[in-house]
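Here the structure is laid out as structure tokens; the discussion comes afterwards.
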Amino acid sequence: MKRIPEGKVTTYGIIAVELRGSVRAARAVGQALASNPAPVVIPCHRVVCSDGTVGGYCHGIDKKIELLIAEGIEIEHGRVKNLEKVLFRF
DNA sequence: CCCATGACTAATT
DNA sequence: AAATTAGCCATGG
């Protein structure tokens, strides 16, 4: 996650592939972030669902959206706009 | 070891 | 385009 450039985002699935070599581990990835070991230190707010939906955030989904917008990412109706533009694929 | 639970996905309906 | 369904994975009881 520390590799995700500012102003960009990635999806759980992508991380899953990077990590476990399979998109099917996406769910497990979520679990990992859910029990986020280092809140604040890790920019876990730059991770969204493959379909663009924001997903969740330990400090509250709203907070997550604010952070993303603060980084220049457009969000609307709980969805990332221009996902293709800001999506970081590693 | 078995079961239930999610910050997920992809495929159907 | 929205709602459902069915796999999938790590974790905790």
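Residue numbers begin at 1 in each chain, while the letters A, B, ... track the order of the sequences.
Side chain of A:S22 to backbone of A:R24: a donor-acceptor contact under 3.5 angstrom is found. Although no hydrogens or angles enter the test, the distance criterion places no donor-acceptor pair under 3.5 Å between the side chain of A:S50 and the main chain of A:G13.
The minimum heavy-atom distance linking A:A16 with A:A25 is given by the pair CB-C, 3.7 Å. Residues A:C44 and A:Y57 approach most closely at SG-CE1, 3.8 Å, considering heavy atoms. Looking at every heavy atom in both residues, A:M1 comes nearest to A:L33 through SD-CD2, 3.6 Å. A:L83 and A:D51 get closest at one heavy-atom pair: CD2-C, 4.3 Å.
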For residues 64-71 of chain A, run the donor-acceptor check on the side chains, cut-off 3.5 Å, and write out each pair with its distance to 0.1 Å, sequence neighbours left out.
residue	atom	partner	partner atom	Å
A:K64	NZ	A:V47	O	2.6
A:K64	NZ	A:V54	O	3.0
A:K64	NZ	A:G56	O	3.0
A:E71	OE1	A:G7	N	3.4
A:E71	OE1	A:R46	NE	2.9
A:E71	OE2	A:H45	NE2	2.9
A:E71	OE2	A:R46	NE	3.2
A:E71	OE2	A:R46	NH2	3.2

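Heavy-atom distances under 4.0 Å link DNA chain B to A:V23, A:A26, A:R27 of residues 21-29 of chain A, given in residue order. A heavy atom lying under 4.0 Å from DNA chain B marks the following residues of residues 4-18 of chain A, by number: A:T11, A:Y12, A:G13. In the region residues 66-90 of chain A, proximity to DNA chain C at under 4.0 angstrom, judged on heavy atoms, holds for none of the residues.
In this structure, CD1 in A:I15 is found 10.5 Å from CZ in A:F88, a value given to the nearest 0.5 Å. Taking CD from A:E6 and NZ from A:K8, the interatomic distance works out to 12.5 Å, rounded to the nearest 0.5 Å.
Salt-bridge check for A:E18 with A:R3: passed, with a basic side-chain N closer than 4.0 Å to an acidic carboxylate O.
Protein chain A contacts DNA chain B over a range whose 5' and 3' limits, counting nucleotides with an atom under 4.0 angstrom from a non-hydrogen atom, are B:dG6 to B:dA10. For DNA chain C, the span of nucleotides reached by chain A at under 4.0 Å from its heavy atoms goes, 5' to 3', from C:dG7 to C:dA10.
Using a 4.5 Å heavy-atom cutoff, the side chains of A:I14 and A:V17 are not in contact.
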